[in-house]
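Chain naming here is simple, since letters A, B, ... match the order of the sequence lines and numbering starts at 1 in each.
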Amino acid sequence: MDQFTLNLIVVGATFALYIGIAIWARAGSTSEFYAAGRGVHPVVNGMATGADWMSAASFISMAGIIAFGGYDTSAYLMGWTGGYVLLAMLLAPYLRKFGKFTVPEFIGDRFYSQTARTVAVACLIIASITYVIGQMTGVGVAFSRFLEVDNATGLYIGAAIVFCYAVLGGMKGITYTQVAQYVVLIIAYTIPAIFISLQLTGNPIPALGLFADATSSGEPLLTTLNGLLADLGFSSYTQQNDTTLNLFLFTVSLMIGTAGLPHVIVRFFTVPTVRDARSSAGWALVFIALLYLTAPAVGAMARLNLINTVYPNGTTEAPLAYDQRPEWVQKWEQTGLLTFTDKDGDGLIDYTSSKDTNEFDVNRDIITLANPEIAQLPGWVIALVAAGGLAAALSTAAGLLMAISSAVSHDLIKSQINPEISEKGELLSARVAMAVAIAVATYLGLNPPGFAAQTVALAFGLAAASIFPALMMGIFSKRINDKGAVAGMLSGLVVTIVYIFLHKGWFFIADTASFSDSDPLLLSIKSTSFGSIGALVNFIVAYFVSNATEDTPQEIKDLVESVRIPRGSNAAIDH
Amino acid sequence: MASQQDSSAYWSKNISIIKGCLIVWFVASFGMAILLRPLLSGIGVGGTDLGFWFAQQGSIIVFLILIFFYAWRMNKLDAEYGVDEE
């Protein structure tokens with residue numbers, strides 16, 4: 001059987017499974033649509049959160065970023081997992097006790113202000129749309145590489161599948177589909193990693209293999225890798241190249257950004273009790289850690305394999321001749337994501353650290369997808385990786401679309417435009433909002449705005465600088481009032497956006513940028529790391545403005561009091 | 001429902017548990033993996049140093065333990081103060 005048929009069968013089988021689950025888990029009420037009827041077991045919810053959180057970025061890009069960035073990229077590993085500690089202790093249990101459906105709803109009620117709620121809706125929509133574009137592009141790429149259809153057709157198929165289970169099933173359908181998608185993606189990620197770890201170190205667990213001895217040299221794997229990199233003039237894999245301040249702030253930004261992303265927070269509204277919300281965050285991290293403990297091993301091993309492929313007789317000998325390159329190099333050359341330019345005309349692939357002599361360019365994003373081919377694994381593993389990449393992208397896209405549609409139908413239509421709307425009407429408007437959001441996301445996936453990549457920093461910055469501090473202060477302080485919260489959110493938001501625009505250009509028009517990234521004038525703080533400073537500004541402004549204005553009303557103090565105590569969470573279900 | 005006094009005692013107990021957990025959270029990630037890494041560079045782990053191990057694996061394992069510890073500790077606290085869910 002050829003690779004194409006195999007890909008088709010494996011991907012087709014997973015899609016049939018997702019649609020089957022969608023039909024089984026149809027939502028009948030708004031509670032089922034927004035919060036899966038609050039009947040999801042914490043372990044199941046943890047698994048769904050894992051699939052929701054791990055997007056095309058985690059599955060496809062992260063190992064490649066680590067492979068080429070070494071120690072500095074640990075910020076991603078710590079940031080994208082450490083945020084769950086903050087979620088479990090500072091947000092999830094209390095928001096579950098509050099017992100409503102959306103993040104803007106909590107902000108609006110706690111700060112007794114429609115303005116606060118609207119600001120939260122705006123942040124949520126901008127952050128989520130940005131993310132969706134990335135997922136849709138990922139779906140298109142995965143389809144065109146593995147199923148040999150063009151990008152647009154791939155995107156339409158992906159959108160149709162998401163439409164089926166998200167619009168029909170709402171949160172209920174999404175939750176149970178995400179469980180299936182998690183299983184597909186984690187198997188697809190770990191199987192190639194286990195094979196490669198066995199080949200290089202003899203240890204079947206990649207996370208242990210990373211610190212084990214390489215069978216080829218008898219020395220530790222990382223020592224071997226550092227030695228090869230030094231021969232070729234690259235900087236050491238384990239050494240720190242970024243400034244300590246930037247590394248620190250970047251990690252903080254990723255952590256509080258993770259804890260502030262609405263599509264992750266709403267997952268904790270779906271469990272039955274406050275008790276379950278606490279443990280569910282732990283289960284989510286268990287399922288995320290399975291991938292995140294494997295990723296650094298995949299990164300380092302892929303880098304080693306790459307060098308060994310180009311220098312089959314060792315880095316002190318001549319590199320591989322271009323006409324002897326393996327099949328996977330030829331395949332990826334066709335996509336343009338891997339290129340060879342014979343600068344010195346000797347027909348050999350020179351892979352060095354210098355821009356002038358290096359002839360071999362590998363796009364970081366192909367590392368995970370090409371990994372099984374580099375290690376010469378069987379065809380079904382390659383098909384599985386294709387299905388895994390699609391599962392990662394589709395599950396995150398569905399979670400984001402859910403967050404957008406509930407913000408529109410619940411926080412805008414139900415609360416501001418037409419409060420008299422019936423449950424049936426609200427359900428219909430949520431489904432229409434979802435369908436519109438899918439159409440917009442598909443359109444943007446087909447015509448990605450030039451600034452899509454940069455806006456990811458903006459999305460994280462928004463979540464870190466606006467949503468996380470507002471939620472935390474709403475729970476841990478009774479004194480922060482409506483004016484303080486709105487002033488805090490807006491100032492956190494504005495300084496973060498201005499800082500990003502100063503580096504990336506106003507509205508991402510590149511010529512209007514005033515600073516280069518990592519400018520010594522600004523203490524080398526990159527724009528991606530600034531969310532942490534924005535959050536700090538938010539906290540400080542909210543504190544001073546609240547203390548300068550009137551105290552919060554008694555009923556708000558009572559609300560905060562009740563959110564802090566688990567007992568009575570059942571009462572919140574049928575509100 | 002517990003009295004006003006009980007519930008504020010419950011809350012301050014919760015805050016001190018959170019503080020303790022977040023200190024561990026900070027030391028395991030920002031401390032061991034970033035700020036203290038130069039000091040710990042003498043301790044070798046599989047071809048590199050302890051700081052690198054914490055940055056790529058140790059911190060994640062500590063995060064996991066912390067969340068489950070907090071969930072377990074809070075469930076106990078809920079029962080002590082009679083604020084657990086029936």
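Ring geometry, Trp11(B) versus Phe476(A): the interplanar angle falls from 30° to 60°, so the pair is classed tilted. The aromatic rings of Phe52(B) and Phe211(A) lie perpendicular to each other, with more than 60° between the two planes, well past the 30° mark.
Atoms CG and CD1, from Leu293(A) and Ile60(B) in turn, are 5.0 Å apart once rounded to the nearest 0.5 Å. If you take CG on Leu285(A) and CZ on Phe63(B), they are separated by 8.0 Å, rounding to the nearest 0.5 Å. Distance check: Leu247(A) CG to Phe30(B) CZ gives 9.5 Å after rounding to the nearest 0.5 Å.
Heavy atoms of Leu221(A) lying under 4.5 Å from chain B are absent altogether. Interface residue Ser59(B): only side-chain heavy atoms are found under 4.5 Å from chain A. Of the atoms belonging to Ile17(B), not a single heavy atom falls under 4.5 Å from chain A. Looking at Ala28(B), neither its backbone nor its side chain comes within 4.5 Å of chain A, counting heavy atoms on both sides. Contacts of Trp72(B) with chain A are absent, with no heavy-atom separation under 4.5 Å from either backbone or side chain. For Tyr84(A), the parts lying under 4.5 angstrom from a heavy atom of chain B are both the backbone and the side chain. If you measure heavy-atom distances from Ala88(A) to chain B, the contacts under 4.5 Å come from both the backbone and the side chain. With a 4.5 Å cut-off on non-hydrogen atoms, Phe26(B) touches chain A through its side chain but not through its backbone.
Heavy-atom contacts from other residues, nucleotides or ligands closer than 6.0 Å to NZ of Lys478(A) number more than 12. Within a 6.0 Å radius of CZ in Phe234(A), more than 12 heavy atoms belonging to other residues, nucleotides or ligands are found.
Side-chain atoms of Glu85(B) and Val274(A), non-hydrogen and from C-beta on, do get closer than 4.5 Å to each other. Here the side chains of Thr48(B) and Tyr237(A) are not in contact, with every heavy-atom distance at 4.5 Å or above. By the 4.5 Å heavy-atom criterion applied to side chains, Asp78(B) and Arg275(A) are not counted as neighbours. Side-chain contact check for Met255(A) versus Ser29(B): some heavy-atom pair is nearer than 4.5 Å. Within the 4.5 Å cutoff, the side chain of Tyr292(A) has no heavy atoms near those of the Gln56(B) side chain. Two residues are said to be in side-chain contact when any heavy atoms from C-beta on lie closer than 4.5 Å; Tyr81(B) and Pro566(A) fail this criterion. Side-chain contact between Ile67(B) and Trp283(A) is absent, with no heavy-atom pair separated by less than 4.5 Å. Inter-residue side-chain proximity for Trp25(B) and Leu86(A) is flagged as met; some heavy-atom pair is nearer than 4.5 Å.
Ranked by heavy-atom pairs under 4.5 Å with chain B, the first of Thr81(A), Val252(A), Leu210(A), Thr223(A) is Thr81(A). Among Ile18(B), Ile61(B), Asp49(B), the residue making the largest number of heavy-atom pairs under 4.5 Å with chain A is Ile18(B). Contacts with chain A were tallied for Val62(B), Asn75(B), Val45(B), Ile15(B); Asn75(B) has the most, counting heavy-atom pairs under 4.5 Å. When each of Gly51(B), Cys21(B), Gly46(B) is checked for heavy-atom pairs under 4.5 Å with chain A, Gly46(B) comes out on top. For the options Ala297(A), Gly82(A), Pro296(A), Pro220(A), heavy-atom pairs under 4.5 Å to chain B are most numerous at Gly82(A).
Heavy atoms only, all atoms of each residue included: Ala207(A) and Gln57(B) are closest at O-NE2, 2.7 Å. Residues Phe248(A) and Leu35(B) share a closest heavy-atom pair of CE1-CD1, 4.0 Å. Across every non-hydrogen atom of Leu64(B) and Gly282(A), the tightest pair is CD2-O, 3.9 Å. For the residue pair Arg37(B) and Gln240(A), the shortest heavy atom distance occurs at NH1-N, 4.0 Å. Across every non-hydrogen atom of Leu222(A) and Gly47(B), the tightest pair is CB-O, 4.3 Å. Across all non-hydrogen atoms, the minimal contact from Ser279(A) to Phe68(B) is O-CE2, 4.1 Å.
Asn14(B) and Arg564(A) form no side-chain donor-acceptor contact under 3.5 Å, judged by distance and modelled atom types alone.
Here Arg567(A) pairs with Asp84(B) in a salt bridge; the nearest charged N to carboxylate O distance falls below 4.0 Å.
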